[in-house]
There are 2 protein chains.
Amino acid sequence: MNESIRERYEARAGVMKALAHPSRLYIVDELSKGERCVHELTDAIGSDMSTVSKHLGVLKSVGIVCDKKRGSEVYYSLRMGCVVDFFGCLEAVLRGGEGSSCAPGSLRKRRRE
Amino acid sequence: MNESIRERYEARAGVMKALAHPSRLYIVDELSKGERCVHELTDAIGSDMSTVSKHLGVLKSVGIVCDKKRGSEVYYSLRMGCVVDFFGCLEAVLRGGEGSSCAPGSLRKRRRE
DNA sequence: GATACACTTGGCTATTTTACCAAATAGCCA
DNA sequence: TGGCTATTTGGTAAAATAGCCAAGTGTATC
């Protein structure tokens, strides 16, 4: 795997990593319904506000969410709705799930083959 | 966030975590073109075979890939093609990307609002 | 100005993840 | 059987992550 290919996959992995945490997935889901400020999310999640703020920072750093200050509150919103579209696939993977050997017919929706 | 909600997001995060690594994303992409055995992937990726095998184990444990032994080789294939569909969104996030404040019009494709 | 929120940042520890090597397992073939 | 190839598993050290507290910044409100 050469340099530029590796970089491409590392960039993608950066976005996936930002999504690879339950609280951050919750945030994305919640923001898909509309903007929220930090303390609303903090209340819903139940961790320390500093923790939630850091999660938001992670999502923001890769461009999944953006923020806008209004008064003393900071409102976050989802910038990439397509992320939410993936949740359906996530559920399918979870249902598909004992997850091991290739039983005949267990392959679905293979592309470009 | 109550127990069952948390569990749901943790399950989803498990799948995302499995995808949150450049080599594993590469593997998924490669398998979308057809099945591959471990040493083919090892050659392409350039890490130790034991490392690649572990990556495959991670993908398999969440049900994204499955394996089938043929002779002394183990062939892996993609079980959940929908995962690959998400790569387009990943690229969009990357392009969308200085990634910070909500410029007017920077919101796209918001759902259920 | 003082106080109170709302939020972010720094610091720190605990946990998880990663990658390599070495060793174990399994199939193939002489 | 013995050797060879293909793959997995165990062990381990290094690096990345997560979450809390404390301290800092910015915006009202009194």
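In the text below, chain A, chain B and the rest are named by the order of the sequence lines, each starting its count at 1.
A salt bridge links D29(B) with R12(A): at least one charged nitrogen is closer than 4.0 Å to a carboxylate oxygen.
Scanning both residues, V62(B) and V93(A), for their nearest heavy atoms gives O-CG1, 3.2 Å.
The CG atom of D48(B) sits 14 Å away from the C1' atom of dG10(D) (whole-angstrom rounding). The nearest whole Å value for the distance from the NZ atom in K54(A) to the P atom in dA22(D) is 14 Å.
When the ring-ring contact (aromatic ring centres under 6.0 Å, His included) test is applied to Y9(A), the partners found at least two apart in sequence or on another chain are Y26(B). Annotation: ring-ring contact (aromatic ring centres under 6.0 Å, His included) contacts of F86(B) (sequence neighbours excluded): F86(A).
Looking at the side chain of Y76(A), the nearest of the listed nucleotides dT8(C), dG19(D), dA6(D) is dT8(C). Comparing dT8(C), dG19(D), dA6(D) against the side chain of M49(A) picks out dT8(C) as the nearest. In the set dC20(D), dA22(C), dT7(D), the nucleotide with an atom closest to the side chain of S50(A) is dC20(D).
When the nearest nucleotides of DNA chain D are assigned to K69(A) and V58(A) by heavy-atom distance, the more 5′-ward of the two goes with V58(A). Nearest-nucleotide mapping onto DNA chain C: of K17(A) and H39(A), the residue sitting toward the 5' end is H39(A).
Residue contacts shown for Y75(B) are absent, as no nucleic acid heavy atom lies under 4.0 Å away. When heavy atoms are screened at a 4.0 angstrom cut-off, R70(B) is found touching no nucleic acid atom at all.
Contact of S47(A) with dC20(D) (side chain to base): no donor-acceptor pair of N or O atoms is detected under 3.5 Å.
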(message) Only Watson-Crick and G-U wobble pairs with both distances less than 3.5 Å should count. Give DNA chain C in dot-bracket notation, marking inter-strand partners with |.
(response) ||||||||||||||||||||||||||||||
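The backbone N or O of C37(B) lies less than 3.5 Å from a partner atom in the side chain of E40(B), making a donor-acceptor pair.
Tested against Y75(B) for a side-chain contact (heavy atoms from CB on, under 4.5 Å), the candidates R36(B), R70(B), K69(B) yield a single pass: R70(B).
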